Every structure is written in structure tokens, then in C-alpha cells.
Amino acid sequence: VPDFIRDMAEGLFNERGVVAVLFYGNILRRFEAGGLIDFYVLTESNRAYHGMGMSALANRLLPPNVYHRRSGDRAAKVAVMSLPAFAHRMRQYSRDTTLWTRFAQPVRLVCVAPDARDAVLEAVVTAWQTGAFWADVLYDDGDLTQEGIVAGGRWACLFTHTYGVELRPEGGRNRAVGIVEANAGLFSRIDAVLPPHNFMRQDRSGFRRGWRLRKMIGMPLNICRLIKAAFTFRGGTAYILSKLDRHKSGHGFLKPWERRYPWLAAPFVLIRVLRSRGR
């Protein structure tokens with residue numbers, strides 16, 4: 001990774017209780033891109049990082065806690081959670097799709113304590129296995145071939161579904177296809193070691209019912225995380241505005257008064273975001 005990423009990651013790694021720093025997201029795909037850098041900071045435990053108090057409790061009840069960090073002219077969005085909680089939510093039967101789908105994608109392990117390395121890597125491998133499983137559950141039977149999946153189709157299908165249960169300003173399909181196309185070599189290598197599952201029809205139907213449950217609880221979970229982040233994420237308003245600008249550019253998405261009074265405008269912007277997601 002570039003030096004400015006490594007420098008920020010090492011600064012985070014030196015904080016109390018941290019055992020690993022993962023780098024992912026839009027900047028990983030385009031190092032020259034502006035905006036916030038995305039880091040996941042994994043800790044020994046909530047108490048080891050937060051100490052006693054509400055921050056530790058909030059992270060235990062609804063991980064991760066999200067914070068804003070700045071180094072020079074670069075800023076980062078830092079998600080913090082304990083390594084045991086992280087590993088637990090990478091599993092196939094986790095009902096929280098938001099977390100494992102982040103790591104069934106390109107990611108860099110920038111800093112890690114030697115005694116935590118195996119556990120972190122195992123958790124990321126589990127995320128890829130979970131992603132492959134749900135991708136095959138959701139992908140249409142007729143699109144599966146003996147040779148595997150053409151052009152990363154099962155992964156684009158998966159990310160379309162997982163982004164679809166999140167409160168995001170951009171539509172899930174375009175983002176999903178963009179991720180797969182930008183990392184076609186990686187997804188081809190993953191397909192080689194995680195070939196398509198051969199589900200019986202009744203098994204696939206049962207798993208799809210399980211996905212509908214995850215979809216039903218996904219949006220409320222994300223809304224709760226946004227509400228929690230509003231109390232911890234300094235600079236969050238500017239971040240949201242930059243996301244809307246990037247994903248809705250050319251559409252005059254935000255009105256001048258909405259930029260001046262973002263909290264007052266939030267309900268109206270939310271309605272437009274939800275309406276525009278299907279376009």
C-alpha cells in the first residue's frame with residue numbers, strides 16, 4: 001500500500017488494545033481518489049481499547065464503533081471492533097450481512113500483531129467462504145455452468161443483494177458490477193478455490209428463506225448503526241455529503257439549503273435516496 005496509507009495504519013495500530021488494521025474500500029481500488037480512507041481496527045477486546053464505559057458497551061451491543069481520524073491532509077473513517085466479534089460475524093450463519101460482505105472483497109492487512117495474524121486471516125477466509133455460499137444461494141440455477149461463473153456473475157449478484165439491504169446513496173447493481181470488473185483476476189482466483197455449490201432444489205429454497213430474514217433485518221441494523229455513528233463520528237455530515245456528491249453527480253441531488261442545514265434536510269434527502277436507489 002502507499003506510504004500515506006501505511007503511516008495512518010501504523011498510527012492506529014499503536015493505539016491501546018489494537019491487534020490488527022485492515023484497509024479496504026474505494027481508496028483501495030483507486031489510490032489517487034479523494035475522500036475518506038476506510039480502515040477496520042481489530043482489538044483484543046472492547047475493554048482493552050475503550051476502557052470501561054458507554055463506548056465499550058455500544059461496541060459490544062452493535063459493533064463496530066465508527067470514528068473519524070485525520071493525518072495531515074488525509075482523513076479516515078475508522079471502524080473499531082474486537083477480533084472475536086469480527087470473527088463471529090464473518091460466519092455463514094451470521095444474520096448481519098453488512099460486515100462479512102466488506103471482506104469478501106479486496107482488502108489489505110496492513111498491520112497485525114504476530115499472535116493475532118492467523119486468527120485475522122482465518123476470519124477473512126471465512127468471509128470469502130460465506131460470500132461464495134450466499135452468492136450461490138442467490139444466483140439463478142440457469143446461470144451456473146460446469147466451468148464456473150462467467151465474468152464474476154455470482155459475485156455481482158451477491159453484492160447487488162447485500163448492498164440492497166443497506167442504506168446507500170448509490171444503486172447496488174452498478175456498484176457490484178464495478179467491484180467485480182475492477183478486480184476480475186482476484187475473483188477468478190477465488191472461483192478456482194471456491195467453486196459453485198451444488199444445492200438440491202429444496203435446500204436452495206430453504207436457504208433463500210434464510211436470506212429473506214437477513215434482508216428484513218438488514219436495513220434496521222444499518223439505520224441503528226447510522227444513528228449510533230451520529231454521536232461518535234466527527235465530520236460525519238461532510239462525509240455523507242461527499243458520498244452523495246460522488247454517487248449522484250450530475251443530478252443536482254443536493255439543494256443549496258440542504259447543504260446549509262443538513263440535519264434539517266436529512267428526512268427529505270433520505271426519501272429521495274430511497275426513491276432513487278431503484279433507478
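Here, residue 1 is the first one in the sequence, and each next residue gets the next number. In this text, all values refer to a predicted model and were calculated from it rather than measured experimentally.
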Does [X] share a hydrophobic cluster with [Y], counting links as ILVMFWY side-chain heavy atoms below 4.5 Å and allowing steps through other members?
X: Val1; Y: Val78; value: yes
X: Val107; Y: Leu121; value: yes
X: Val125; Y: Trp155; value: no
X: Val193; Y: Leu158; value: yes
X: Ile179; Y: Tyr40; value: yes

Tell me if the [atom1] atom of [X] is crowded by more than 12 foreign heavy atoms within 6.0 Å.
X: Arg95; atom1: CZ; result: no
X: Arg70; atom1: CZ; result: yes
X: Asn14; atom1: CG; result: yes

Testing the basics here: between [X] and [Y], what is the closest heavy-atom pair and its distance to 0.1 Å?
X: Ala127; Y: Ala104; value: O-CB, 3.7 Å
X: Ala20; Y: Val120; value: CB-CG2, 3.9 Å
X: Pro63; Y: Leu99; value: O-CD1, 4.4 Å
X: Val19; Y: Thr43; value: CG2-C, 4.0 Å
X: Ala119; Y: Leu83; value: CB-CD2, 3.9 Å
X: Pro195; Y: Asp136; value: O-OD2, 4.2 Å

**Prompt:** Stepwise, does the side-chain contact (heavy atoms from CB on, under 4.5 Å) test hold for Thr162 with Trp100?
**Reply:** CA-CA 10 Å; Thr162 56; Trp100 57 255; 4.0 Å; yes

**Message:** Between Trp128 and Phe187, is the ring centroid distance below 6.0 Å?
**Reply:**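 Close enough - the centres of the two rings lie under 6.0 Å apart.
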
Are the side chains of [X] and [Y] in touch, meaning some heavy atoms are under 4.5 Å apart?
X: Arg154; Y: Leu194; result: yes
X: Leu36; Y: His68; result: yes
X: Leu42; Y: Met81; result: yes
X: Arg108; Y: Leu22; result: no
X: Arg47; Y: Met52; result: yes

Between atom [atom1] of [X] and atom [atom2] of [Y], what is the distance when rounded to the nearest 0.5 Å?
X: Asn46; Y: Arg60; atom1: CG; atom2: CZ; answer: 8.5 Å
X: Ser94; Y: His88; atom1: OG; atom2: NE2; answer: 6.5 Å
X: Gln129; Y: Met90; atom1: CD; atom2: CE; answer: 12.5 Å
X: Glu10; Y: Ile5; atom1: CD; atom2: CD1; answer: 12.0 Å
X: Leu138; Y: Lys215; atom1: CG; atom2: NZ; answer: 9.5 Å
X: Asn26; Y: Ile37; atom1: CG; atom2: CD1; answer: 11.0 Å

**Message:** Let's go through Arg102 and Asp38 carefully: what are the C-alpha distance in whole Å and the side-chain angles of both, what is the deciding distance for salt bridge (Lys or Arg N to Asp or Glu O under 4.0 Å) to 0.1 Å, and is it a yes or a no?
**Reply:** CA-CA 11 Å; Arg102 293 291 182 276; Asp38 291 299; over 6 Å; no

Where the side chain of [X] meets the backbone of [Y], is there a donor-acceptor pair that is under 3.5 Å apart?
X: Arg16; Y: Ala48; value: yes
X: Asn65; Y: Ser55; value: yes
X: Asn59; Y: Val80; value: yes
X: Thr130; Y: Thr126; value: yes
X: Arg214; Y: Gly210; value: yes
X: Thr101; Y: Thr97; value: no
X: Trp211; Y: Val137; value: no
X: Ser71; Y: Arg74; value: no

Below 30° counts as parallel, above 60° as perpendicular, anything between as tilted: where do the rings of [X] and [Y] land?
X: Phe86; Y: Phe103; value: perpendicular
X: Phe23; Y: Phe39; value: tilted
X: Phe207; Y: Phe133; value: perpendicular

**Request:** Decide salt bridge (Lys or Arg N to Asp or Glu O under 4.0 Å) for Arg69 and Glu15; before the verdict, give the C-alpha distance in whole Å, the side-chain angles of both, and the deciding distance to 0.1 Å.
**Result:** CA-CA 12 Å; Arg69 294 285 191 275; Glu15 294 181 3; 3.5 Å; yes

**Asked** Can a salt bridge be assigned to the pair Arg225 and Asp96 using a cut-off of 4.0 Å between side-chain N and carboxylate O?
**Response**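 Yes, charged N to carboxylate O under 4.0 Å.
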
**Message:** What I want to check is whether the side chains of Asn222 and Thr98 have a donor and an acceptor closer together than 3.5 Å.
**Reply:**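 On atom types as modelled, these side chains qualify, holding a pair under 3.5 Å.
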
**Request:** Give the other cluster members for Tyr93, using side-chain heavy-atom distances under 4.5 Å between Ile, Leu, Val, Met, Phe, Trp and Tyr residues; answer none if it is isolated.
**Result:**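 Traced through the cluster, Tyr93 reaches no other member.
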
